[in-house]
Amino acid sequence: MKTRTPIFIYIIIVVGLTIMAFEMFTENSSYFMSPFFWILLLIVMILMIILNSIGDLIENEHFKNISDEERQLFIKEKSTPYFTKLWNSAFTKQSQSDEKDILIDHGFDGITELDNSLPKWWIGLFYFGMGFCAVYMFAFTFTDYAHPDAEYDEEARMQIASIAEYEKNAPTVNIETAKYSADNILEGEQIFKTNCVSCHAEAGKGGIGPNLTDKHWINIKEKSLFKNIFWMLENGSPNNPAMRPFIKEGTISGRDAEKIAAYIYHINQEKDPVTQAAGGAAPQGQIAVWE
Ligand code: HEC
């Protein structure tokens, strides 16, 4: 007669599976606060205890009908702690007579094969894997659980929210407060590539829009070059609607404009003018003298 797996093992497994199901099917971990979750756990545990009591009754009935020898063996086994038994079962080898029973009938050249039963932990893991697979497939197909699109949307939403939060608290940059900083050049170049390259060409060499690397300017609205670029981004060109008021229409923020202006200032003033002139569009407007 075999001893049964103790109830606490079943309780751990069932509680674990319940938490796993809740993790998969609910949006966040707030189920921990829900009375529904705890009542469910309680019901599940009461059911386990009832099942265990039925098991006890059956075991007692069985116990009455076995031989004395088997009884001794059963009592001895029952007094060994569960984990000790589990540990031992991984290392015990069957006796010669046991081996005879499980010898498979197809030896060759003296090599024979035993039909050993698989270790319990292995079978447990196997069934757990199958159960998990079924629950996972169901969750993946019918809920948002582990869905790449849903996770992407959620992350994008959170990022946009955190950007909005940042914009709300960060001081705004306008033509009065904007300042040139060499730290902004690299970032400015990236924003320039996204918004301006289509007209002003790579590195501001000029195309539909004028060459931004030469000394000639069509629009001279401010005394300093940096502020003049900012002015253009804020107001657009009074002569040509192709150059839009990027800040006013909301395409870029004042902070972005501060960075782009740093970049254009850099390619106009700090880079070698000879290399800049090579392949660039012909100058337009008049020679500007900046402060
Ligand atoms: C759709 C095409 C187009 C786009 C996109 C564009 N521009 Fe322009 N830009 C122009 C044109 C055309 C002019 C010339 C306006 C004029 O004749 O007054 C101009 C003029 C300018 C000037 C003044 C040049 C001068 O000589 O007066 C600056 C500075 C400038 N753009 C910067 C930018 C920046 C920075 C961006 C990106 C945020 C940008 N532009 C995007 C077409 C464009």
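Ligands are counted one by one from 1 in listed order, and the atoms in each one are counted from 1 as well.
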Do any N/O atoms on [X] end up under 3.5 angstrom from N/O atoms on ligand 1?
X	answer
S237	yes
R244	no
N239	yes
I218	yes

So how far is it from [X] [atom1] to [Y] [atom2], rounded to the nearest 0.5 Å?
X	Y	atom1	atom2	answer
S237	K221	OG	NZ	8.0 Å
S253	I191	OG	CD1	7.0 Å
D98	L103	CG	CG	12.5 Å

Report task. In plain terms, say whether R255 and E167 are close enough for a salt bridge, that is, a side-chain N and a carboxylate O under 4.0 Å apart. Result -> yes
Requested in this report: Determine, for E258 against K179, whether the closest basic-nitrogen to carboxylate-oxygen distance falls under 4.0 angstrom.
Outcome: no
What's the shortest distance from [atom] to any protein heavy atom, and which residue and atom give it?
atom	value
atom 28 (C) of ligand 1	L212 CD2, 3.7 Å
atom 43 (C) of ligand 1	C199 CB, 3.4 Å
atom 23 (C) of ligand 1	M232 CE, 3.6 Å
atom 29 (C) of ligand 1	W217 CZ3, 3.6 Å
atom 38 (C) of ligand 1	C196 SG, 2.7 Å
atom 12 (C) of ligand 1	N240 ND2, 3.4 Å
atom 13 (C) of ligand 1	P210 CD, 3.2 Å

Query raised in the report: Are A242 and ligand 1 in contact, using a heavy-atom cut-off of under 4.0 Å?
Result: yes
Query - Residue-ligand contact Q284/ligand 1, heavy atom below 4.0 Å - result: no
Check [X] against ligand 1 and report side chain, backbone, both or neither, counting heavy atoms closer than 4.0 Å.
X	answer
I208	backbone
I264	side chain
F246	side chain
T251	neither

Query - Aromatic plane relationship, F32 with W38 - under 30° parallel, 30 to 60° tilted, over 60° perpendicular - result: perpendicular
Query raised in the report: Using the ring of each side chain (for Trp, its six-membered ring), is W217 parallel, tilted or perpendicular to W290, with breaks at 30° and 60°?
Result: perpendicular
Report summary line: Under 4.0 Å from one or more heavy atoms of G209, ligand 1 contributes atoms 10 (C), 11 (C), 12 (C), 42 (C)
Query raised in the report: Looking at L233, which atoms of ligand 1 are within less than 4.0 Å of one of its heavy atoms?
Result: 34 (C), 35 (C), 38 (C)
Report task. State, with a plain yes or no, whether a side-chain heavy atom of F230 is found less than 4.5 Å away from one of Y180. Result -> no
Report task. Give a yes or no on whether Y10 atom OH has more than 12 heavy-atom contacts from other residues, nucleotides or ligands under 6.0 Å away. Result -> no
Query raised in the report: Is atom 8 (Fe) of ligand 1 less than 2.8 Å from at least one N/O/S atom of H200?
Result: yes
Query raised in the report: Does the separation of the ring centres of F63 and F74 fall below 6.0 angstrom?
Result: yes
Report task. Measure centre to centre between the rings of W122 and F126, then say whether the value is under 6.0 Å. Result -> yes
Query raised in the report: With no hydrogens and no angle check, do the side chains of E222 and S224 hold a donor and an acceptor under 3.5 Å apart?
Result: no
